[in-house]
Amino acid sequence: MIDLKRLAEPGYSAGIKRKGADGAVIDQVIALSSQRHEAQLAVERLRAESNTVSKAIGKASPEDRPAKIEAAAAVKAALVEAEQTYNTLDGQVTELALQLPVPAHESVPDGGEDDGQIIATVGGTPAAPPMDHADFGRHLGWVDNELGADVSGSRFAYIMGGAVQIEFALVQYALAKLVARGFVPVVPPVLVREQMMVDAGFFPTDRHQVYSIEGDDLFLVGTAEVPLAGVHRGDRIDDTRLPLRYCGFSSCFRREAGTYGKDTRGIFRVHQFDKVEMFVWSDPDKSWDEHEMLLEIEREILDELALPYRVVNIAAGDLGSAAAKKYDCEVWLPSEGAYREVTSCSNYLDYSARRLDARIKGESGSRFAHTLNGTAIPVARMLVFLMEHYQQADGTFTVPEVLRPFCGLDSIGPRS
RNA sequence: GGAGAGGUGGCCGAGUCAGGUUGAAGGCGCUUCCCUGCUAAGGAAGUAACGGGGCAACUCGUUCGGGGGUUCGAAUCCCCCCCUCUCCGCCA
């Protein structure tokens with residue numbers, strides 16, 4: 001939810017328009033919310049009167065009561081009418097306001113999907129190995145798409161053998177790094193209530209991407225961001241505790257609706273994968289520093305895995321409604337001859353905290369927290385990149401140096 | 001899954017079975033002041049959040065797990081949901 005009070009500020013609304021929002025909607029929200037304010041004043045005036053009159057009845061003698069009750073009923077009737085007016089306006093304001101995204105930060109480039117600004121490029125663009133990630137995964141006995149499809153359907157896969165050892169090495173490696181940085185590791189619930197999906201900002205917009213559980217009011221999360229957002233929902237956080245950094249390890253479930261025919265090879269895009277996700281509750285004055293730190297961690301991971309990548313500052317029109325700024329890290333995928341997204345990190349400012357009602361308390365009073373999130377390790381996709389960049393001519397997989405202490409292996413051949 | 005008991009302010013805990021100065025007794029904690037060789041003990045006052053109006057003192061509204069309903073008026077009555085605890089059953 002955006003800050004309606006600031007909507008009239010030119011700088012604020014300009015940032016919203018840069019994300020492609022209709023200026024007419026902004027004007028409409030401003031007009032409607034001022035009407036709503038008038039209506040609210042009217043309601044509160046009548047409520048005050050109604051309260052006063054009702055309290056008087058309690059103190060009145062039995063003989064006086066009938067007349068007083070009748071008078072109170074008249075006030076009540078007027079109140080009910082005023083409330084209807086208010087509720088109508090409130091519904092309209094809320095519906096329109098939910099369509100408005102958080103303003104883009106000034107450092108975010110204009111434009112859409114193709115207008116991201118490449119702010120760093122590390123490593124080269126090596127030629128494709130003999131096998132692409134899907135063939136190599138089958139060759140090693142690491143990935144079985146057919147078995148996955150047979151048991152669960154398309155876009156499901158069995159991850160087996162050495163890939164599992166690499167998965168856990170990746171996770172352990174990331175957790176060690178994040179814990180050293182003050183992150184609290186978390187294994188959160190992956191099934192959440194509808195209200196949590198709403199509060200985390202995924203419902204109603206992304207509802208079609210989410211699996212629901214028959215017979216229970218529960219939904220499978222597409223990212224640990226959802227339950228991590230719940231950690232301080234409704235809290236009044238003492239500002240001396242900030243920043244609060246968490247990293248969640250969880251399986252992630254995505255319906256991938258609307259992606260038919262895209263990325264069908266291997267495990268690049270699957271319905272279920274494991275991920276280590278970072279989540280930060282920040283002081284509003286320091287969230288941009290936290291954002292840079294999240295990027296730094298993501299880059300450090302890619303640097304240490306020696307993967308060639310670039311960093312993109314996503315353009316305003318391509319940002320989701322919650323993000324004021326987002327960096328994508330894209331790794332070179334040799335078989336496709338293209339950079340593909342591996343991780344990303346966003347600063348949501350107070351957009352999400354407003355809905356979560358997560359505030360920080362300090363000497364200057366109470367303010368909404370800022371929330372940020374970023375990917376540390378998206379396991380399946382990371383395996384895809386590793387399977388191409390660490391593939392040897394003899395058909396073996398060389399374990400990245402940095403993972404060796406975590407799995408005790410230097411090289412892995414095909415599973416017998 | 002079956003049976004029962006509960007969810008009240010930062011915490012504990014009255015009030016609910018007779019609806020009306022109860023936004024909520026009392027206690028703990030916390031803040032300020034007094035007393036006091038130091039500390040402990042003691043005394044006084046203050047101490048919920050959120051939204052609106054006001055320079056401010058202050059004032060109005062909302063909130064007693066959540067959502068509906070009855071009523072002039074609901075912590076209190078009715079309905080639905082959530083959660084916690086105890087016992088039984090079941091299970092990694």
Side-chain angles (χ1 to χ4, degrees), chain A residues 1-8 29-94 97-98 187-200 203-204 212-219 226-227 229-242 244 251 281 284 350-369:
Chain A
M1 178 66 101
I2 55 156
D3 189 345
L4 291 177
K5 278 191 221 157
R6 297 188 59 194
L7 205 50
V29 170
I30 293 172
L32 279 168
S33 62
S34 110
Q35 282 180 48
R36 178 179 66 170
H37 186 234
E38 292 302 314
Q40 188 178 352
L41 290 179
V43 167
E44 290 187 358
R45 216 177 298 123
L46 283 165
R47 266 213 266 264
E49 191 183 342
S50 177
N51 287 342
T52 310
V53 173
S54 290
K55 276 180 186 166
I57 294 172
K59 286 181 278 190
S61 62
E63 311 84 69
D64 292 343
R65 285 198 180 188
K68 285 182 183 287
I69 288 175
E70 204 175 320
V75 177
K76 178 71 187 305
L79 174 60
V80 168
E81 198 178 326
E83 279 175 338
Q84 276 168 2
T85 306
Y86 172 80
N87 287 338
T88 306
L89 286 165
D90 186 52
Q92 288 170 345
V93 170
T94 305
L98 285 176
V187 178
V190 293
L191 283 165
V192 301
R193 279 185 217 289
E194 181 168 23
Q195 192 58 50
M196 190 63 245
M197 281 293 191
V198 172
D199 291 348
F203 279 9
S212 62
I213 303 301
E214 180 93 13
D216 290 281
D217 174 34
L218 290 171
F219 301 85
V226 176
V231 171
H232 291 294
R233 173 165 58 169
D235 281 3
R236 304 286 177 263
I237 306 164
D238 196 299
D239 65 358
T240 56
R241 294 176 65 204
L242 297 175
L244 288 165
S251 292
W281 305 82
D350 61 355
Y351 186 86
S352 188
R354 204 172 280 280
R355 189 174 258 184
L356 291 163
D357 191 27
R359 299 168 201 248
I360 59 167
K361 272 193 327 193
E363 286 177 8
S364 55
S366 111
R367 289 193 286 171
F368 286 107

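In what follows, chains carry the letters A, B, and so on, assigned in the order in which the sequence lines appear, proteins first and then strands, with residues in each chain numbered from 1.
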Give none if [N] has no partner; otherwise give the nucleotide forming a Watson-Crick or G-U wobble pair with it, both distances under 3.5 Å.
N      : value
C38(B) : none
A25(B) : none
A14(B) : none
U86(B) : A3(B)
A56(B) : none
C64(B) : none
G46(B) : C30(B)
A92(B) : none

Could you tell me how far apart [X] ([atom1]) and [N] ([atom2]) are, to the nearest whole angstrom?
X         : N      : atom1 : atom2 : answer
Gln195(A) : G66(B) : CD    : C1'   : 9 Å
Leu46(A)  : U62(B) : CG    : P     : 12 Å
Arg47(A)  : U59(B) : CZ    : C1'   : 17 Å
Glu194(A) : C81(B) : CD    : P     : 16 Å
Leu79(A)  : C60(B) : CG    : P     : 17 Å
Asp235(A) : G10(B) : CG    : C1'   : 13 Å

Review item, nucleotides 18-21 of chain B N/O atoms under 3.5 Å of protein N/O:
from, atom 1, to, atom 2, distance (Å)
G20(B), O6, Arg65(A), NH1, 3.4
G20(B), N2, Ser54(A), O, 2.8

When rounded to the nearest Å, what value does the distance between [atom1] atoms of [N] and [M] take?
N      : M      : atom1 : result
G19(B) : C55(B) : P     : 45 Å
A24(B) : A41(B) : C1'   : 31 Å
G65(B) : G7(B)  : P     : 8 Å
A49(B) : C64(B) : C1'   : 13 Å
G73(B) : C88(B) : P     : 47 Å
A74(B) : G61(B) : P     : 13 Å
C17(B) : C30(B) : P     : 36 Å
C90(B) : C11(B) : C1'   : 37 Å

Original post:
Has Asn51(A) got a side-chain N or O lying under 4.0 Å from the OP1 or OP2 atom of G73(B)?
Top reply: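 Checking G73(B) against Asn51(A), no side-chain N or O comes under 4.0 Å of OP1 or OP2.
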Original post:
Can you find a side chain N or O atom of Arg193(A) that sits less than 4.0 Å from OP1 or OP2 on C81(B)?
Top reply: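 Checking Arg193(A) against C81(B): no side-chain N or O falls below 4.0 Å of OP1 or OP2.
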From [atom1] ([X]) to [atom2] ([Y]), nearest 0.5 Å:
X         : Y         : atom1 : atom2 : result
Ile57(A)  : Lys55(A)  : CD1   : NZ    : 12.5 Å
Arg236(A) : Ile360(A) : CZ    : CD1   : 11.5 Å
Arg233(A) : Asp235(A) : CZ    : CG    : 10.0 Å
Lys361(A) : Leu242(A) : NZ    : CG    : 12.0 Å

Original post:
Between Thr52(A) and Lys76(A), which has a closest nucleotide on RNA chain B that is more 5'?
Top reply: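 Between the two, 5'-proximity favours Thr52(A).
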**OP:** Output, in order, the C-alpha distance, side-chain angles, deciding distance and verdict of side chain to side chain contact (heavy atoms under 4.5 Å, CB included) for Tyr351(A) and Ile2(A).
**Re:** CA-CA 6 Å; Tyr351(A) 186 86; Ile2(A) 55 156; 3.8 Å; yes
Original post:
Got a sec, which residues hit ring pair (Phe, Tyr, Trp, His ring centres under 6.0 Å) with Tyr86(A), two or more places apart in sequence or on another chain?
Top reply: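 Not a single residue meets the ring pair (Phe, Tyr, Trp, His ring centres under 6.0 Å) criterion with Tyr86(A).
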All N/O contacts under 3.5 Å from nucleotides 74-80 of chain B to the protein, with atom names and distances to one decimal?
none

Provide the closest heavy-atom pair for [X] versus [Y] in the form atom of the first, atom of the second, distance.
X         : Y         : answer
Leu4(A)   : Ala97(A)  : CD2-CB, 3.9 Å
Ala60(A)  : Arg65(A)  : O-NE, 3.4 Å
Ala353(A) : Ala369(A) : CB-O, 3.1 Å
Pro284(A) : Phe368(A) : CG-O, 3.5 Å
Ala72(A)  : Val53(A)  : CB-CG1, 3.5 Å
Ser366(A) : Arg359(A) : OG-CD, 3.8 Å

In residues 37-47 of chain A, what donor-acceptor pairs under 3.5 Å come from side-chain atoms, sequence neighbours left out?
from, atom 1, to, atom 2, distance (Å)
Gln40(A), NE2, Glu44(A), OE2, 3.3
Arg47(A), NH1, Glu83(A), OE2, 2.6

Contacts under 3.5 Å, N or O only, protein and nucleotides 47-53 of chain B:
from, atom 1, to, atom 2, distance (Å)
C50(B), OP1, Ser366(A), OG, 3.0
C50(B), O3', Arg359(A), NH1, 3.4
G51(B), N2, Glu44(A), OE1, 3.4
G52(B), OP1, Lys5(A), NZ, 3.4
G52(B), O3', His37(A), NE2, 3.1

Original post:
Taking 4.0 angstrom as the limit, do Asp90(A) and Arg36(A) come out as a salt bridge?
Top reply: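 Salt bridge flag = yes for Arg36(A) with Asp90(A).
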Subject >> Electrostatic pair Asp350(A)-Arg354(A), nearest N-O below 4.0 angstrom >> reply: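 Salt bridge present between Asp350(A) and Arg354(A).
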**OP:** Measure the shortest side-chain to side-chain distance between Pro188(A) and Val226(A) over non-hydrogen atoms and say whether it is less than 4.5 angstrom.
**Re:**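 The answer is no; the side chains never approach within 4.5 Å.
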Under 3.5 Å between N/O atoms: give me all the protein pairs with nucleotides 90-92 of chain B, atom names plus distance.
none

